[in-house]
Amino acid sequence: MALSILHRASGVALSVGTLLLTAWLVAAAVGPEAFAKVQGFIGSPLGLLMLFGWTFALFYHLSAGIRHLVWDAGYGFDLPSAEKGAYIVIGASLILTVATWVVGLSVW
Amino acid sequence: MSNSPAKLRAPLKLARGLGSAKFGAEHWWSMRITSVALVILTIWFVGGVIGHLGADHAQFVAWLKSPICAAMMALTAAVTFHHAEHGLQVVIEDYVHCEALKIAALLANKLVNYGLAAACVISVVKVSLGA
């Protein structure tokens, strides 16, 4: 139940996050100074916080989206499966978020 | 009673156009197709971002100049904004009940998402062609 509205909320959050993606690509097209400015913002505490939230929203929306595709294919409608799916989605999104940041910070 | 004009019309004629079902099936299917595409594109994108954290402009441009990279980035942007536009459309339709405001919000949603998509794709093309 809670996961359902979270899918929508994470989708809206990701939509807002696409502004950062646009800023990143447009800055790369504009030139080195603009790109350095955007990279600097992403590296700032606020930028890192936004990126972390965006990463979690992304992996949550990805996992929950795959769960929806499984339902669309006609599987997992009984209560035990639905409950198991919910835990898999929460676990997968947390693990993927942490793994991404561990790898990301180690290569930064 | 029986010869009133309304009674001569088939029930379907009276109901047509009044329901919420307009492009429901098309919208639903489009969300499924784009979500499957985004599973692949997102994994590629996250890998690409991790590989270029803190990269300077020259390093980033060198990466995006590869045709495969440019194609994947342009596809990621195009499919993401298409999916976002369709998703936000449902959110607007669910929560905005004033018809005029709803239409304005839906138009703004299209304008912003497709505008950002165009900005991303043109930027990728510009970087990849080396301007």
Side-chain angles (χ1 to χ4, degrees), chain A residues 5 7-40 42-43 47-48 51 54-55 57-59 61-73 96-97 99-108, chain B residues 28-29 31-36 38-43 45-47 49-61 63-65 70 73-74 76-77 80-81 83-88 90-92 94-95 109 112-113 115-129 131:
Chain A
I5 192 65
H7 189 60
R8 178 166 281 199
S10 60
V12 173
L14 288 169
S15 300
V16 177
T18 56
L19 289 172
L20 200 59
L21 164 72
T22 310
W24 198 48
L25 290 175
V26 170
V30 169
E33 297 92 48
F35 189 72
K37 221 174 257 177
V38 173
Q39 287 287 68
I42 291 172
L48 285 176
L51 206 58
W54 194 79
T55 315
L58 181 73
F59 283 126
H61 201 80
L62 181 74
S63 315
I66 291 172
R67 186 174 177 226
H68 274 279
L69 289 174
V70 172
W71 278 334
D72 292 336
L96 286 169
T97 304
T100 301
W101 277 79
V102 167
V103 174
L105 289 177
S106 65
V107 298
W108 198 311
Chain B
W28 185 89
W29 186 235
M31 283 308 262
R32 267 66 203 167
I33 291 177
T34 51
S35 63
V36 172
L38 282 170
V39 172
I40 301 159
L41 292 170
T42 300
I43 292 168
F45 179 76
V46 170
V49 170
I50 287 178
H52 294 85
L53 287 169
D56 64 22
H57 187 251
Q59 289 167 319
F60 185 73
V61 165
W63 176 61
L64 208 55
K65 263 184 184 301
M73 190 63 94
T76 302
T80 295
F81 284 111
H83 189 87
E85 192 275 325
H86 273 47
L88 289 174
V90 178
V91 175
I92 291 166
D94 281 355
Y95 300 130
N109 180 38
V112 171
N113 276 294
L116 291 174
C120 284
V121 171
I122 290 169
S123 298
V124 171
V125 170
K126 185 171 181 252
V127 170
S128 110
L129 294 183

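Labels below follow one simple rule: chain letters A, B, ... track the order of the sequence lines, proteins then strands, and each chain is numbered from 1.
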Check your understanding: Picking from T100(A), L62(A), L25(A), L21(A), which has the most non-hydrogen pairs under 4.5 angstrom with chain B?
Key -> L25(A)

Review point. Checking L116(B) against chain A: side chain, backbone, both or neither under 4.5 Å from a heavy atom?
Key: both

Revision key, fill the gap. Taking every heavy atom of V38(A) against every heavy atom of A23(A), the minimum-distance pair comes out as CG2-O, 3.9 Å

Point to revise | From R32(B) atom CZ to D72(A) atom CG, the distance as rounded to the nearest 0.5 Å | key: 4.0 Å

Point to revise | Contact origin within A36(A) toward chain B - heavy atom pairs under 4.5 Å | key: neither

Review point. Which pair of non-hydrogen atoms, one from W24(A) and one from I42(A), has the smallest distance, and what is that distance?
Key: CD1-CD1, 3.9 Å

Practice item. Check whether L14(A) gets within reach of chain B through its side chain, its backbone, both or neither, counting any heavy atom under 4.5 Å. Key: neither

Check your understanding: Contact part of V124(B) toward chain A, heavy-atom cut-off under 4.5 Å: side chain, backbone, both or neither?
Key -> side chain

Revision key, fill the gap. Turns out that what part of V26(A) lies under 4.5 Å from chain B's heavy atoms comes down to both

Review point. Between D94(B) and chain A, which part of the residue has a heavy atom less than 4.5 Å away: side chain, backbone, both or neither?
Key: side chain

Review point. What part of V91(B) gets closer than 4.5 Å to chain A, counting heavy atoms only: side chain, backbone, both or neither?
Key: both

Exercise for review: Could you tell me which portion of M31(B) (side chain, backbone, both or neither) has an atom closer than 4.5 angstrom to a non-hydrogen atom of chain A?
Suggested key: neither

Point to revise | side-chain contact (heavy atoms from CB on, under 4.5 Å) partners of T97(A), counting only residues at least two apart | key: F52(A), T55(A), F56(A), F59(A), W101(A)

Study note, to complete from the structure: Max heavy-atom pairs within cutoff under 4.5 Å with chain B, candidates G31(A), G40(A), G104(A), A34(A), goes to G31(A)

Exercise for review: Find the distance between CD1 (I33(B)) and CG (L38(B)) and round it off to the nearest 0.5 Å.
Suggested key: 12.0 Å

Review point. Considering residues at least two apart in sequence or located in another chain, which fulfil the ring-ring contact (aromatic ring centres under 6.0 Å, His included) criterion with H57(B)?
Key: F35(A)

Review point. So how far is it from H61(A) NE2 to H83(B) NE2, rounded to the nearest 0.5 Å?
Key: 4.5 Å

Review point. Angle class for the W63(B)/F60(B) ring planes (parallel below 30°, perpendicular above 60°, tilted otherwise)?
Key: tilted

Check your understanding: Going by heavy atoms in the side chains, are H86(B) and T34(B) under 4.5 Å from each other?
Key -> no

Exercise for review: Name the option with the most non-hydrogen atom pairs under 4.5 Å to chain B; the candidates are G65(A), G11(A), A28(A).
Suggested key: A28(A)

Practice item. Considering only heavy atoms and a distance below 4.5 Å, find which of G47(B), A55(B), G51(B) pairs most often with chain A. Key: A55(B)

Review point. Hey, which of T80(B), V39(B), N113(B) has the most heavy atom pairs under 4.5 Å with chain A?
Key: V39(B)

Revision key, fill the gap. From the list H68(A), R8(A), E33(A), the residue making the most non-hydrogen contacts under 4.5 Å with chain B is R8(A)

Review point. Do F81(B) and S15(A) come within less than 4.5 Å of each other through their side chains, counting heavy atoms only?
Key: no

Point to revise | Which atoms of I66(A) approach chain B - backbone, side chain, both or neither, heavy atom under 4.5 Å | key: side chain

